[in-house]
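Presented below is the structure to which this report refers.
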Amino acid sequence: MAGASIHPYHQQWMPPPQAQPAAAAAPPIPVENPNRSATDDVRTIFISGFPGDVKERELHNLLRWLPGFEASQINFKGEQPMGFALFSSPQHAMAAKNALQDLVFDAETKSVLHTEMAKKNLFVKRGVVANSSSLDQSKRLRTGGDYNYASYPTPPFHPPPPPVYGTPGYMAPPAPYDPYGGYPVPQVSMHTPAPMPAPSGYAPIQNTKDNPPCNTLFIGNLGENVNEEELRGLFSGQPGYKQMKVLHQERNTVCFIEFDDVNSATAVHQNLQGAVLPSLGRGGMRIQFSKNPFGRRKDTVNGSAAEHNVAPTTYQQ
DNA sequence: AGCACA
């Protein structure tokens, strides 16, 4: 226990704090959003549900992986800590909001995060954290910066999947957020070649059941007349993409996508969950891990149940 | 919710 889950993967950010290529002159261009509202330019999310002893750093380390993350802050004034996180665009913020929603922040204290779009943007001061006039302890905490401005310059990393599965005792609910996989947000970055068609948006998905992670994804809720090219265009651009198979069923279309490894699959599972394509009809696609990965057959080995007990009987580190 | 192909 007590093993604070520190992932050994440290983000390699760009040190130069002043090198902002075109950031100042390039306001984020929102992707075509049918339901634009007055709150369109809020790119800050409000996060509650922290345990009382949450640390600024914890929140920052959680958020720093998210695309477009710029800064975060915790306000310890009220009953319980209130977190705020600023992103580089409303889309990024929205995606982060969805990703963090209902995240189990601390299983022991049963802390579950709740996120909303903030009422107004988090104000980030450049330079020194607090000026001498109002050195308020509760406001002093602020992190983040402009090192993570756009999306990742390169696919950052592909660490092994989280060891959540198979943890006895505590059945982790299918948290919609996987800290190991960023999600690409619609093309709002300044200088991305945009090789792959971005989804036109994201819709919330109730993904109740899923299968254990594997290198193959099952895509559902595609409607009956999806444009296969659109699908292929979207997925073939994903890192680790190998092949895809579309299945036209009675009233529905489903699709299988194989990736190089489970990590790439997991990333896409997170990245494109709920992605909306123009031809989808309605709603977003539902992404699950396939029951049967490509290339692996159902285990009808030779008629026998094939209980190859190769599995280690003792678990020790 | 709908899971094929080798």
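A note on names: the letters A, B, ... follow the listed sequences, proteins ahead of strands, and every chain is numbered from 1.
- Looking at every heavy atom in both residues, A:R64 comes nearest to A:F69 through CA-CD2, 3.6 Å.
- To the nearest angstrom, C1' of B:dA4 lies 12 Å from CD of A:E258.
- Closest to the A:N211 side chain, of the nucleotides B:dC3, B:dA4, B:dA1, is B:dC3.
- One interatomic measurement links the two molecules: CG of A:N221 to P of B:dC3, which rounds to 14 Å at whole-angstrom precision.
- Side chain to side chain, A:S264 and A:D261 meet the donor-acceptor criterion of an N or O pair below 3.5 Å.
- Put simply, the side chain of A:R251 and the base of B:dG2 share no donor and acceptor less than 3.5 Å apart.
- One can place CD of A:Q288 at 9 Å from C1' of B:dA1, the figure rounded to the nearest angstrom.
- Among the protein residues, A:T216 comes within range of the nucleic acid bases, having at least one heavy atom under 4.0 Å from a base atom.
- Residue-to-nucleotide proximity on DNA chain B shows that, of A:Q243 and A:I219, the 5′-proximal contact is made by A:I219.
- In this structure, CG of A:L217 is placed 18 Å from P of B:dC5, rounded to the nearest angstrom.
- Applying the salt bridge (Lys or Arg N to Asp or Glu O under 4.0 Å) test to pairs two or more places apart or on separate chains, those with a residue in residues 214-237 of chain A are A:E228-A:R232.
- With B:dA1, B:dC5, B:dC3 as the candidates, the nucleotide lying closest to the side chain of A:K245 is B:dC5.
- Between the C1' atom of B:dC5 and the CG atom of A:N215 lies a distance of 13 Å, rounded to the nearest Å.
- One atom, CG of A:N225, and another, P of B:dG2, lie 21 Å apart when rounded to the nearest Å.
- With B:dA1, B:dC3, B:dC5 as the choices, the nucleotide that has an atom nearest any side-chain atom of A:F294 turns out to be B:dC5.
- Under the ring-ring contact (aromatic ring centres under 6.0 Å, His included) criterion, A:F46 pairs with A:F84, not counting sequence neighbours.
- In this structure, the CZ atom of A:F218 is 14 Å from the C1' atom of B:dC5, given to the nearest Å.
- Between the P atom of B:dC3 and the CG atom of A:D210 lies a distance of 14 Å, rounded to the nearest Å.
- In summary, A:E258 and A:K245 do not engage in a salt bridge, as defined by a charged side-chain N under 4.0 Å from a carboxylate O.
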